[in-house]
Amino acid sequence: MKTLIDLLAIPRFTNLTLLTDSVDATCEIESVEITETPDIAHYIPEKTFILTTAMIYKDNQQALFTLIDSLKEKQAIGLGIKVGRFIEAIDPSVIAYANQKKLPIVQIPSTIPLGNLLHQLLNLLWYTKTEQLSYALDIQKQFSDMLVNDVSYERFIDSFGELVNAPVILLNPYKKILACSKHFTKITTPADYYVEQLSQRNFAFAQKKATSLLIEDSTNKKLQVAYYPVEINSYFPHYLVILNPEQIPYPVSDFAIDQAKLVLSFMLYKNQKIQESLDHLKTDFLTRMIEYQQSSSPKERDWLDLGINYGLVKARHYRIIYIACHSNNSKKIRYQEEESQLAFQWLQESLDSQIKDMSLFKIKNTNHFALLIQHKLDHVEEILLNAANELKIISGIQLVFGMGNIYDTIQQVAKSFIEAENAYNEMLTTTIDLEKPIAHYQPRGMRNLFEKINMTDIHYFCESTLKELAYPSEDSFIELRKTLKCYLDFQCEIAQTAKALFVHRNTIKYRIERCSQLLGKDIHDSVTSLDIRLALELSEETLDQ
């Protein structure tokens, strides 16, 4: 696409004179029209260059002010006025007003017929568009062939770099280099340097609009960089970065870059779906293993052999860490899915080199994941926090972790998983420390098992089971309750109970008989004993509160 400045620089149009500031003549022209009517602005599209003899303004050039206002409102590119026929010279006040309104005025000599000038300009514009489109279609065919032949995006980026004759970089959503053209093998400055420069300029993580900016190269010279979002997701795009885009040779146009973005979108989307299929297989395996190990009478199964393709190895330390993305604000479901996918990829790449024999699983029907660590690791919390902090700085995504206990066989992974999940769920009920968002599993007391039961029902159960011993206030009942609990704790051994309470055996016998009379039950009956133990625990925790 040509601008007014571009057209005036072409030799055949050098006799056209720009009378206003050149800075206002840099917009692209899409059409050219001839008119002698003052209301032409109502009938032209935007970005049109108007040609006129100004016949109706020959006696009153001040009336051109109204025309300039209407053309500017319509976003016209400029006004070309032919002099020597109706107007001998353009009044300086008209030029000054046009400068004020930032509408370019071009003086056309009387020797140039407007009809011929119109055809020359349109032919040039149409030829340029046709040439660009034709070239873009050729590029589309070339790119489509690459896509059909399953060319990697590394090779594609290299070919695209040759096409535009400029260094090209492909970044993933967290600004890590996926591929770069061979230009960087011929220059001393690596591609990472330019990516770092973008990061220092607060390069927008989720910027969805193509734009360009200036950075400095290794010699402190200004360098223009253009970047374009390559969208395979709604919220976290990849980026196509081009250095020195102003040097891209003609007729490579935005059409060609759009084609490259489209092909890259297909390539990356295909790779993402393939990886998601593999992740689903891992998820199904983890689900089967956890459910099987939780069954009432699981038989020994060779999980190491079954899970060899999912990273399971023989070790003496197995531990599950439950991981999730945390946000104080409610997000759209699609955003949560993409956020989780990005965090999963980040952890997979950043932890793989730091944790030996680790395996990362997505958890079925959630946006959470489970990290299986299969060797002793002393600094696991530090590694996790460093990875989480880096991701938060890059993307704003906050990770939280629930830690299960360590077990020495693969057959006990389900226990570690349940503990890690419980630790995560427990953390959600409290204020999360975002500086150290890690929760360790804490064994839950008997009282926790009855959290959702109405307190009135708990009191009724305790009182109906223990009678006066449920919530005693008299010293004699308090002593009987203490003796009963100690007696049951020592599996009804009188001698051990007497020794623990520093009293005579006969005293213990008397107190236990007294308890039986108060409760009206046989304390030694297995069902009664269980009810009494449970009531003692529940009422004791209630008394402690």
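Numbers here are sequence positions counted from 1.
- Leu240 places a side-chain heavy atom less than 4.5 Å from the side chain of Phe160.
- The closest side-chain heavy-atom distance from Ile215 to Tyr194 is below 4.5 Å.
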Distance-only check: which donor-acceptor pairs under 3.5 Å involve side-chain atoms of residues 406-413, not counting sequence neighbours?
from: Tyr407; atom 1: OH; to: Glu419; atom 2: OE1; distance (Å): 3.4
from: Tyr407; atom 1: OH; to: Glu419; atom 2: OE2; distance (Å): 2.4
from: Thr409; atom 1: OG1; to: Gln412; atom 2: OE1; distance (Å): 3.2
from: Gln411; atom 1: OE1; to: Trp303; atom 2: NE1; distance (Å): 3.4
from: Gln411; atom 1: NE2; to: Glu300; atom 2: OE1; distance (Å): 3.4
from: Gln411; atom 1: NE2; to: Arg301; atom 2: O; distance (Å): 2.7

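- Using a 3.5 Å distance cut-off with no hydrogens or angles, the side chains of Gln275 and Asp279 do pair a donor with an acceptor.
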Show me the donor-acceptor pairs within less than 3.5 Å that the side chains of residues 375-384 make with the rest of the protein, sequence neighbours left out.
from: His375; atom 1: NE2; to: Asp357; atom 2: OD2; distance (Å): 2.8
from: Glu381; atom 1: OE1; to: Lys436; atom 2: NZ; distance (Å): 3.3
from: Glu381; atom 1: OE2; to: His440; atom 2: NE2; distance (Å): 2.5

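- When every heavy atom of Ile432 is checked against every heavy atom of His326, the shortest pair comes out as CD1-CE1, 3.6 Å.
- Checked against side-chain contact (heavy atoms from CB on, under 4.5 Å), Ala414 has the following partners two or more places apart in sequence or in another chain: Ile290, Gln293, Gln294.
- Under the side-chain contact (heavy atoms from CB on, under 4.5 Å) criterion, Lys222 pairs with Glu216, sequence neighbours left out.
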Please tabulate, for the side chains in residues 305-312, all donor-acceptor contacts under 3.5 angstrom to protein atoms that are two or more places apart in sequence or on a different chain.
none

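- Between Arg288 and Asp284 there is no salt bridge, since no side-chain N of the basic residue sits under 4.0 Å from a carboxylate O of the acidic one.
- No side-chain heavy atom of Cys180 sits under 4.5 Å from any side-chain heavy atom of Glu154.
- In this structure, the side chains of Phe266 and Leu262 come closer than 4.5 Å at one or more pairs of heavy atoms.
- Ring orientation note: the planes of His368 and Tyr424 are nearly perpendicular, at an angle over 60° on the 30°/60° scale.
- Looking at Tyr174, Phe236, Phe369 one by one, the single match for ring-ring contact (aromatic ring centres under 6.0 Å, His included) with Trp346 turns out to be Tyr174.
- One distance of note links CD1 of Ile5 with OG of Ser22; it measures 5.0 Å at 0.5 Å rounding.
- For Asp457, there are no salt bridge (charged side-chain N to carboxylate O under 4.0 Å, His left out) partners at least two apart in sequence or on another chain.
- Within the model, atoms CD of Glu339 and CG of Asn233 stand 12.5 Å from one another, a figure rounded to the nearest 0.5 Å.
- Tyr227 contributes atom OH, which lies 9.5 Å from atom NZ of Lys175 (distance to the nearest 0.5 angstrom).
- Classification of Lys270 and Asp150 as a salt-bridged pair holds, one side-chain N sitting under 4.0 Å from a carboxylate O.
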